[in-house]
**Student:** 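This is the structure, below, for whatever I ask next.
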Amino acid sequence: MEEKKGFDNKNPQQKPKMPGNLPNNKNRYWIYIILLGVFLIFTFIDFGGSSKEITREKFENDLLINRDVEKVIIVNKERVDVYIKPDKLADEKFSDISSGGALGFAGSTGPHYHLAIGDVETFERQFKEAQQGFPPEEQIMTQYKTEHNYYGEILSWVLPIALLFGLWFFIFKKMSGGGAGGNQIFNIGKSKAQVFDKEKKVKINFNDVAGLYEAKVEIMEIVDFLKNPSKYTKLGGQIPKGALLVGPPGTGKTLLAKAVAGEADVPFFSLSGSDFVEMFVGVGASRVRDLFKQAKSKSPCIIFIDEIDAIGRARGKNANFGSNDERESTLNQLLTEMDGFDTNSGVILLAATNRADILDKALMRAGRFDRQIHLELPDIVEREAIFKVHTRNLKMSNEIVIGFLAKQTPGFSGADIANVCNEAALIAARKSKKSIEKQDFLDAVDRIVGGLERKTKIISAQEKRTIAFHEAGHATVSWLLEHANPLLKVTIIPRGRALGAAWYLPEERSITTKEQLLDEMCSALGGRASEETVFGSVSTGALNDLEKVTKQAIAMVSFFGMSEKVGTLSYYDSTGQNEYGFTKPYSEKTAELIDNEIKSIVENQYNRAKKVLNDNKAKLTELAETLLVKEVIFSDDLERIFGKRPWSKEEDEEDNTKPNTEENDQQNDD
Ligand code: ATP
């Protein structure tokens with residue numbers, strides 16, 4: 001969803017700005033800097049009470065001998081403080097200490113001097129020796145004192161704790177989204193759902209969702225459940241607890257949920273599966289609990305969880321490998337909560353995913369998600385309706401017929417169509433047109449299917465020839481095989497990463513036969529076969545084709561049971577449990593057999609493509625030469641060279657087809 005994630009403005013946990021509060025963070029930082037400065041000054045500069053350091057020689061030979069010393073105190077067994085007799089302080093030689101000095105020396109109180117000592121006993125002995133010969137009344141006895149530096153001691157344990165707290169605070173603030181206020185720390189276990197209610201309405205309604213007729217009926221019923229529950233409950237029925245929207249990306253799942261929010265007139269909690277996920281253990285489960293608590297307090301209401309696969313993925317069987325405990329405990333909490341609220345509590349859970357197959361079975365059972373609403377890619381009628389929605393605000397020339405646009409975009413999702421409309425407007429604007437024309441839409445479609453045209457890309461004449469024959473090879477084989485997809489357009493203008501491309505209109509079918517698969521593989525190999533037939537050598541340009549064909553062959557042999565030698569077996573794992581597994585469900589011998597079968601299927605189709613091209617070499621050359629001259633050719637040109645396709649279907653049957661590109665991968669770039 002496009003709206004900003006996080007708490008809405010009504011969040012009571014956000015502190016209102018008090019008049020006395022500091023105006024902004026910048027000023028607050030100044031305070032921290034000043035405090036730090038004061039702290040440093042107090043730590044490193046010792047005001048008052050400081051004495052001057054003297055050497056041992058000066059102490060003995062100058063002060064002691066002259067009877068200047070009043071007393072000597074050994075502090076903490078490491079320092080000797082020397083006090084000068086008050087009457088002597090007036091002497092010239094003590095002028096620097098008696099006045100107090102710039103740094104505030106001791107003045108008359110002392111200590112006036114200090115010296116560091118290594119060992120107390122040695123000092124005592126030497127001190128005694130130095131006083132030998134002094135009359136007894138002038139002998140000075142050393143005194144002892146222990147000083148406590150409370151300030152330093154407190155600091156030495158307070159500082160590390162403060163630092164730890166600071167770090168902890170900082171990390172939590174970052175983790176919990178870094179939003180305003182230190183309260184974020186305590187909100188980490190709170191649900192991150194965005195709440196739409198009377199004050200904050202979603203502006204989308206069912207009129208903005210084109211097509212999806214069946215899905216709309218189902219989902220409208222859910223809205224009706226909430227508005228008039230008694231209509232259903234008085235007959236003894238129970239209101240469903242949840243509905244799961246399943247479908248390929250961009251088919252309008254989120255849009256449909258937004259429309260429900262716009263129509264339902266009940267509070268709507270919207271969040272994404274990944275909003276539950278956090279680095280800390282237990283946060284996901286706590287967020288689930290909080291979400292349901294909030295929802296129950298606002299019932300009747302709807303909770304919408306987008307991309308539920310982020311938490312709803314099937315729980316692993318192997319506890320040590322590939323499983324994620326935090327995600328599993330979040331899922332467990334979700335399952336418990338969904339069981340916990342009773343049917344008529346008025347909370348309905350909507351969720352969307354593109355991968356229902358990997359969701360946990362427990363989540364999918366009736367009683368949790370009672371309904372599964374499947375959204376498919378739109379057919380021609382739905383595409384037309386979607387075009388109508390997205391061209392509402394566009395300035396288009398009158399020549400454009402929406403039905404024509406729908407015909408040109410088989411296989412496009414709603415999101416693709418929205419993109420085409422926007423792209424067409426941008427293309428027209430770039431050309432400074434007053435309105436969007438048909439050609440702009442066609443360019444937009446090409447751009448979305450193939451990427452940006454790169455006419456300026458430098459390609460040598462020989463490379464261009466190779467690309468032309470490669471694409472002509474695809475076009476020829478697909479034209480001449482019964483089950484291959486009919487061709488729409490071939491181009492050798494570089495586009496996106498491809499140096500050339502062929503556009504097809506494959507039939508949209510629910511099941512594909514072996515013959516159809518083989519013909520498609522043969523036409524995909526037509527490019528490489530053409531290079532070999534004409535030039536006697538091959539290039540790296542067929543990477544995409546080879547990858548696709550190999551995958552198809554693997555699927556035929558190991559998933560669809562289409563190989564006689566391997567047999568009608570399928571090693572496909574629809575549970576997704578085996579994703580992390582290293583073990584194969586078949587023996588080494590079978591693995592070898594599968595490899596051989598895959599190889600032989602691809603080889604057979606490659607030889608078949610070469611035969612077709614050899615048999616029609618003159619026509620292939622003519623097509624490639626035309627392509628070199630025109631750069632773009634359409635099915636009309638093929639019809640002119642090869643004649644009409646005997647199997648070509650009626651015009652209107654082509655409508656349910658989707659485009660596919662055979663790309664000459666950009667390997668010979670340099
Ligand atoms: P994903 O699974 O990737 O999240 P989604 O199915 O949730 O995809 P949406 O986000 O609902 O797809 O659709 C993306 C955009 O496509 C929408 O914002 C809307 O502009 C457009 N769109 C998709 N389907 C329709 C439709 N039936 N009618 C009008 N617009 C549509």
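Position 1 is the first residue of the sequence, and the numbers go up from there. Atoms within each ligand, like the ligands themselves, are counted from 1 in listed order.
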**Student:** Of all the heavy-atom pairs spanning Val420 and Phe441, show the shortest one and how long it is.
**Tutor:** CG1-CD2, 4.0 Å
**Student:** With respect to Pro249, determine whether any N or O atom, backbone or side chain, lies less than 3.5 Å from an N or O atom of ligand 1.
**Tutor:** no
**Student:** Do ligand 1 and Leu255 have nitrogen or oxygen atoms that lie under 3.5 Å from each other?
**Tutor:** yes
**Student:** Which residue, Ile303, Leu291, Ile302, forms the side chain to side chain contact (heavy atoms under 4.5 Å, CB included) with Val347?
**Tutor:** Ile303
**Student:** Check each atom of ligand 1 against the heavy atoms of Thr251 and keep those under 4.0 Å away; list them by number with element.
**Tutor:** 6 (O), 12 (O), 24 (N)
**Student:** Look at Arg287 together with Asp275 and state whether they make a salt bridge at an N to O cut-off of under 4.0 Å.
**Tutor:** no
**Student:** Minimum distance, heavy atoms only, to atom 4 (O) of ligand 1: which one of Glu382, Lys253, Lys388, Glu307 is it?
**Tutor:** Glu307
**Student:** How close do Leu394 and Ala425 get, counting heavy atoms only, and between which atoms?
**Tutor:** CD2-CB, 4.2 Å
**Student:** Taking only heavy atoms of Leu212 into account, list the atoms of ligand 1 that are under 4.0 Å away from them.
**Tutor:** 27 (N)
**Student:** Below 4.0 angstrom from a heavy atom of Gly414, which ligand 1 atoms are there? Numbered from 1 as shown, please.
**Tutor:** 16 (O), 21 (C), 22 (N), 23 (C), 24 (N)
**Student:** Evaluate His390 for polar contact with ligand 1, using N/O atom pairs at a separation under 3.5 Å.
**Tutor:** yes
**Student:** Is there a polar contact between ligand 1 and Gly250, counting only N or O atoms under 3.5 Å apart?
**Tutor:** yes
**Student:** What about Val389: any of its N or O atoms under 3.5 Å from an N or O on ligand 1?
**Tutor:** no
**Student:** For Asp208, which part has a heavy atom under 4.0 Å from ligand 1: side chain, backbone, both, or neither?
**Tutor:** backbone
**Student:** Distance-only, no hydrogens or angles: does the Arg383 side chain make a donor-acceptor pair with backbone N or O of Thr409 under 3.5 Å?
**Tutor:** yes
**Student:** Below 4.0 Å from ligand 1: does a non-hydrogen atom of Lys258 turn up there or not?
**Tutor:** no
**Student:** Atoms of ligand 1 less than 4.0 Å from Asn354 heavy atoms?
**Tutor:** 2 (O)
**Student:** Is Lys431 salt-bridged to Asp443, going by a charged N under 4.0 Å from an acidic O?
**Tutor:** yes
**Student:** When you check the gap from the basic side-chain N to the acidic O, do Asp224 and Lys231 get nearer than 4.0 Å?
**Tutor:** yes
**Student:** Looking at Arg368 and Asp360, is there a salt bridge between them, counting it only when a charged N and a carboxylate O are closer than 4.0 Å?
**Tutor:** no
**Student:** Closer than 4.0 Å to some heavy atom of Ala210 - which atoms of ligand 1 meet that?
**Tutor:** 26 (C), 27 (N), 28 (N), 29 (C)
**Student:** Taking atom types as modelled, is there a side-chain donor on Thr513 or Gln516 under 3.5 Å from an acceptor on the other?
**Tutor:** yes
